[in-house]
Amino acid sequence: MKIETIAIHAGNFIDEHTKAVIQPISLSTTFERGEDGEYPGGYVYSRADNPNRKSLENVIAQLEGAESAAAFSSGNAAGGAVFQALGPGVHIIAPDDMYHGLRNLLLQVFQGIIEVDFIDLSNLEAVKNGIKSNTKLIWIETPSNPLLKVCDIQAIAKIAKENGIMSVCDNTFSTPMLQRPLELGCDLVMHSTTKYLGGHSDVIGGALASHEDNDFWKKIKNIQVLSGAVPAPFDCYMTVRGIKTLPYRMRAHTENANQIAIFLSSHKLVEKVYYPGLMNHPGHDIAKKQMSSFGGMLSFIVKGGANEARKLVNAVKIFTQATSLGGVESLIEHRASVEGPGTKTPQNLIRVSVGLENPIDLIEDLNQALVRMAQL
Ligand code: PLP
């Protein structure tokens, strides 16, 4: 089956009893046993598994070309399950531009348990040199949040394999529509399903998908059930519903982002645009090799400092000034103040999640906001 067909059918089952075309939401926390003590419906207790979660995991596994998937209550819970499964005393290599929530999870919650070095993954020599005797995992994020840095997934997965190390790719920005890390050699792929997979800014969730149902994966599935950071059936239903339109949404997100990136690139008040679809992006060739298109996320640097950047995000009318990404509505944010103290993100960087509005309206909105930024 092609990816559009998988997105619609792999997470949905026609209800056996009512013949409802859309799978019902099973709110029950527990499932009746038969006289023989068995569970004839195949479910025991909803933290362990439930029909809506199974459907969500099924569609994500199929979209990523994975043997198995596990759904979590957030993207961070999914990432945390990987770190927990590694156990204490290991070293991991993570991107120098890692999503700040996962970076903080490693630095604050796993402090003293996991050793981590943040390395520029676009520099393969630096990756090789960063490997230590206790390195067990390379965490990949490409394009990265918020600098849209691109690294070569296949090359890093190869380095990892040659050194007996696992590689995991946070595929949140790209989704399986644009980039399929397991086909490029990664062991695991991670998602904040809160973003494009859900697609409507109304459900928090996360997922992992594994190339193989191996011992490490069994550990993760055990952590999913025993730690219990699982999504509610309603959240699974919402995410499955969002995924059905993912292939078409991603095409439109990319088209709109591309037009906005071109507009911003030629604006005199914009110093730099970070979008892998632009020919002058340092990772453009690698992005072209490993992505089918370049996605809906971009960042740009305005002339001036934090003041100018804040003026701009306050002057937009169609964009909403808010964090997060991947919804149908366009969002804009002054990223450094979202990341907080200690951030390395430039103070004049603005991150944009390009939505599905008409790109002419979005460009006009940015244009008037840039004019007002200069006037205020
Ligand atoms: N990974 C990336 C790239 C993200 O942008 C985010 C959230 O913004 C996460 C992971 C964490 O996801 P969640 O907020 O669902 O925990």
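Both ligands and their constituent atoms are indexed starting at 1 by order of listing. All residue numbers refer to positions in the sequence shown, counting from 1.
- Neither the backbone nor the side chain of Thr193 comes within 4.0 Å of ligand 1, counting heavy atoms alone.
- Considering only non-hydrogen protein atoms, atom 3 (C) of ligand 1 sits nearest to Asp170 OD2, 3.4 Å.
- Listed by number with element, the atoms of ligand 1 under 4.0 angstrom from any heavy atom of Glu141 are 3 (C).
- Residue Lys195 has at least one heavy-atom neighbour below 4.0 Å for each of these atoms of ligand 1: 6 (C), 7 (C), 8 (O).
- Each of Ile350, Leu362, Thr320 was evaluated against Ile332; a single residue qualifies, Ile350, per the side-chain contact (heavy atoms from CB on, under 4.5 Å) test.
- Cation-pi geometry between Arg47 and Tyr45 is not satisfied (NZ or CZ under 6.0 Å from the ring centre, within 45° of the ring normal).
- Between His281 and Phe294, a ring centre-to-centre spacing not shorter than 6.0 Å is recorded.
- Set against the non-hydrogen atoms of Leu325, the atoms of ligand 1 under 4.0 Å away are 5 (O).
- The side-chain tip of Arg103 points at the ring of Phe118 from less than 6.0 angstrom away and within 45° of straight on.
- With hydrogens and angles left out, the side-chain atoms of Ser28 and Ser26 include no donor and acceptor closer than 3.5 Å.
- For atom 16 (O) of ligand 1, the nearest non-hydrogen atom of the protein is Asn76 N, 2.8 Å.
- Proximity of the aromatic rings of Trp139 and Tyr99 is defined here by a centroid distance below 6.0 angstrom, and this criterion is not met.
- The closest protein non-hydrogen atom to atom 5 (O) of ligand 1 is Asn145 ND2, 3.0 Å.
- The closest approach between His191 and ligand 1 stays at or above 4.0 Å for every heavy atom of the residue.
- Note on Glu339 versus Arg351: no salt bridge recorded, every NZ/NE/NH1/NH2 to OD/OE distance being 4.0 Å or above.
- Ligand 1 lies out of reach of Thr323, whose nearest heavy atom is not under 4.0 Å from it.
- Taking 4.0 Å as the cut-off between side-chain N and carboxylate O, Lys128 and Glu125 count as a salt-bridged pair.
- Residue contact check: Ser74 has heavy atoms under 4.0 Å from atoms 15 (O), 16 (O) of ligand 1.
- Every N/O-N/O distance between Phe173 and ligand 1 stays at or above 3.5 Å.
- Between Phe83 and Phe110, the ring center distance clears the sub-6.0 Å criterion.
- Among all protein heavy atoms, the one lying closest to atom 15 (O) of ligand 1 is Thr194 OG1, 2.6 Å.
- Within the structure, the closest approach of Gly205 to ligand 1 falls below 4.0 Å when heavy atoms are considered.
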